Amino acid sequence: MNLFRLLQARASAGKPVRVALIGAGKFGSMFLAQVPHTPGLEVPIIVDIDCDRAREACRTVGWDAERIAATVFTDDGARAIAGGAMDVVVEATGNPAVGIKHARAAIAAGKHIVMVNVEADVLAGPLLAEEARKAGVVYSLAYGDQPALTAEMVDWARATGFRVVAAGKGTKYLPAYHDVTPDGVWQHYGLTAGEAQSAGMNPQMFNSFLDGTKSAIEMAAIANACSLDVPADGLLFPPCGVDDLPHIMRPRSRGGVLERSGVVEVVSSLERDGRPVFRDLRWGVYVVLEAPNDYAADCFRQYGLKTDASGRFAAMYKPYHLIGLELNVSVLSAALRGEPTGQPHGFRGDVAAVAKRNLRAGEMLDGEGGYTVWGKLLPAAATLKTGALPIGLAHRVKLKHDIAHGAVVRWSDVEFDPGNETVKTRKVMEAAFAAQH
């Protein structure tokens, strides 16, 4: 509870925290909106593949002409990272290959890295975080996004002596969503294709939110950061409102839906028949905790916590997340305290590519949110054993074999370039963490 005071001290000393932002999309823009209102924080360089769009983003979020003129805009991430007295690099491109490259460049340059790019984190984050620790810099999940917010709640629960039963987030989910393609995505958001296009909304990106891929990626990040398990056969997405979290999100042996205690899970804001869940958690995060003794359970009741019938299971939750508007917490924590707001400490959760329909040999996979595959959360031990293809590498690769609808795609099913840097990084990580399992 001292980040602001530490930042004030830096500002008074004339030593602002300096950030290089890579990717001026929605997340990056929301971060930029807060910069003029945070004395002691500066973003002197912004990297984007479209510099004119990045400048326009700054204007849109309220930057004045003087601030924009004083900012360097470039499309060369490597040069931006290598040069200048930056404290923190924020990687917000959403591209796994690019994110891994930028993270390694930041680590090599001795700069802290805040990985908004959760796709890259799930593909190779455990390896990158280990490299950062060895180099003496911080590799951090991005506060404001749901993985870091969940990790904070898990840490709170454990630090106060509670056992974490389940942790995760809410989303809008129905089983049929796994097979939705970009052509049919907008009806599920209550939009027409024209309305979405005029708002600049990318159908494949929004489809990844709907088809379960983004949820799987975020839960893998939480599992790896918090040493939590993942469900053996993927997320259940049980319909559940905030009042029912302690009842539903407990082990089956205690009357809930979980296969065991200590897992990640996503709750749906829709009943299976499409009706809205009462007091849903669509935009928020939660942790279900277990009282370690009768006294603590009595305190739950005395202080008004919602519990299950036994009184032993309770939940804490945050109903909203503000993504880039909250990112300062990660940036300042890294720069001023040398601490991440969550980072992977193992490889427990992975996201495998699964066929959305019957796929034929010769077809080209189109990755996260596309027409061919969706991402399913699985234990890393299982994906390593079966050779499952990570969703982050299921883009622009050709199938060698037919794949049945609902089946996991494997490395052996696709043509891939073993010399590709992203592929090599992933293979190194798989080898490095295989011994854990």
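This is a predicted model, so every value here is computed, not measured.
- A distance of 9.5 Å separates OG1 in T307 from CZ in R250, rounded to the nearest 0.5 Å.
- In this structure, a donor-acceptor pair under 3.5 Å is absent between the side chains of N207 and H188.
- In this structure, the separation between CE on M115 and CD on E91 is 5.5 Å, given to the nearest 0.5 Å.
- Taking both residues in full, the closest heavy atoms of L245 and A315 are given as CB-CB, 3.7 Å, listed atom of the first, atom of the second, then distance.
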Under the criterion salt bridge (Lys or Arg N to Asp or Glu O under 4.0 Å), I'd like the reasoning laid out for R360 against E363: C-alpha separation, chi angles, the key distance, then a yes or no. CA-CA 6 Å; R360 300 302 177 198; E363 285 194 66; 5.9 Å; no
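- Ion pairing between E430 and K424 fails under the 4.0 Å rule for side-chain N and carboxylate O.
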side-chain contact (heavy atoms from CB on, under 4.5 Å) between L327 and I323, intermediate numbers included: CA-CA 7 Å; L327 185 62; I323 61 170; over 6 Å; no
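- Applying the ring pair (Phe, Tyr, Trp, His ring centres under 6.0 Å) criterion to Y317, with sequence neighbours excluded, gives no partner residue.
- Evaluation of the side chain to side chain contact (heavy atoms under 4.5 Å, CB included) rule for P276 yields no partner, not counting sequence neighbours.
- Enclosure of atom CD in E271 by more than 12 non-hydrogen atoms of other residues, nucleotides or ligands within 6.0 angstrom is indicated.
- Ring orientation note: the planes of F433 and F347 are nearly perpendicular, at an angle over 60° on the 30°/60° scale.
- Y177 and W374 have their aromatic ring centers separated by at least 6.0 angstrom.
- The shortest non-hydrogen separation linking H102 to G77 is NE2-CA, 3.9 Å.
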Go through the steps to decide whether D273 and R275 satisfy the test salt bridge (Lys or Arg N to Asp or Glu O under 4.0 Å), and finish with yes or no. CA-CA 6 Å; D273 61 6; R275 289 178 297 116; 2.7 Å; yes
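- Taking K376 as the reference, D233 meet the salt bridge (Lys or Arg N to Asp or Glu O under 4.0 Å) condition, with sequence neighbours excluded.
- Scanning for side chain to side chain contact (heavy atoms under 4.5 Å, CB included) contacts around A54 gives A24, I46, D48, F73, with sequence neighbours left out.
- Under the salt bridge (Lys or Arg N to Asp or Glu O under 4.0 Å) criterion, D244 pairs with no residue at all, not counting sequence neighbours.
- Taking the side chain to side chain contact (heavy atoms under 4.5 Å, CB included) definition, one finds that D294 meets it with R312, sequence neighbours left out.
- Looking only at distances, no side-chain donor or acceptor of T38 sits under 3.5 Å from a matching main-chain atom of L41.
- A cation-pi arrangement, defined by a distance under 6.0 Å to the six-membered ring centre and an angle within 45 degrees of its axis, is present between K427 and W411.
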Residues 218-229, side-chain donor-acceptor partners within the protein, below 3.5 Å, at least two apart:
unit_1, atom_1, unit_2, atom_2, d
E218, OE1, K169, NZ, 2.8
N224, OD1, R348, N, 2.6
N224, OD1, G349, N, 2.8
N224, ND2, A220, O, 3.2
N224, ND2, G349, O, 3.3
D229, OD1, R348, NH2, 2.7

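- Contact between L378 and V230 at its shortest, heavy atoms only, is C-CG2, 3.4 Å.
- The ring pair (Phe, Tyr, Trp, His ring centres under 6.0 Å) test applied to Y173 returns H178, F237, not counting sequence neighbours.
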Determine, step by step, whether M201 and W186 satisfy the side-chain contact (heavy atoms from CB on, under 4.5 Å) criterion, reporting the C-alpha distance in whole Å, the side-chain angles of both residues, the deciding distance to 0.1 Å, and the verdict. CA-CA 10 Å; M201 299 166 73; W186 298 127; 3.6 Å; yes
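- No donor-acceptor contact under 3.5 angstrom links the side chains of R260 and S253, judged on distance only.
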If you look only at distance, which donor and acceptor atoms sit under 3.5 Å apart when one is on a side chain in residues 380-394 and the other is two or more places apart or in another chain?
unit_1, atom_1, unit_2, atom_2, d
T383, OG1, D350, OD2, 2.8
T383, OG1, A380, O, 3.0
T386, OG1, A382, O, 3.0

Would R279 and D243 satisfy salt bridge (Lys or Arg N to Asp or Glu O under 4.0 Å), going step by step from the backbone distance to the final call? CA-CA 7 Å; R279 281 175 40 86; D243 299 327; 2.8 Å; yes
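- Not one N or O on the side chain of Y303 forms a donor-acceptor pair closer than 3.5 Å with the backbone of D298.
- Residues forming a ring pair (Phe, Tyr, Trp, His ring centres under 6.0 Å) with Y371 (at least two apart in sequence, or on another chain): none.
- To the nearest 0.5 angstrom, N2 atom CG is 11.0 Å from L7 atom CG.
- Judged purely by distance below 3.5 Å, without hydrogens or angles, the side chains of Q34 and N328 never pair a donor atom with an acceptor atom.
- Judged as a ring pair (Phe, Tyr, Trp, His ring centres under 6.0 Å), and not counting sequence neighbours, H321 has no contacts.
- Between the side chain of K172 and the backbone N or O of L210 there is no donor-acceptor pair closer than 3.5 Å.
- Looking only at atom types and distance, the side chain of D308 has a donor-acceptor partner in the side chain of S310 under 3.5 Å away.
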Under 3.5 Å, which donor-acceptor pairs do the side chains of residues 132-143 form with other protein atoms, sequence neighbours left out?
unit_1, atom_1, unit_2, atom_2, d
R133, NE, E130, OE1, 3.4
R133, NH1, Q343, OE1, 2.6
R133, NH1, P344, O, 3.2
R133, NH2, E130, OE1, 2.9
Y139, OH, D121, OD1, 2.7
S140, OG, T341, N, 2.9
S140, OG, T341, OG1, 3.0
Y143, OH, E152, OE1, 2.8
Y143, OH, E152, OE2, 3.3

Just do the salt bridge (Lys or Arg N to Asp or Glu O under 4.0 Å) check on K214 and E368 with the steps written out, would you? CA-CA 8 Å; K214 185 67 74 172; E368 181 183 345; 3.6 Å; yes
Could you walk me through whether D87 and K111 pass the side-chain contact (heavy atoms from CB on, under 4.5 Å) check? CA-CA 6 Å; D87 299 286; K111 296 174 173 61; over 6 Å; no
Show your working on side-chain contact (heavy atoms from CB on, under 4.5 Å) between L365 and H395 and close with a plain yes or no. CA-CA 5 Å; L365 300 184; H395 186 62; over 6 Å; no
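- When the shell of 6.0 Å around NZ of K356 is examined, it contains more than 12 heavy atoms from other residues, nucleotides or ligands.
- R252 CZ: more than 12 foreign heavy atoms inside a 6.0 Å radius.
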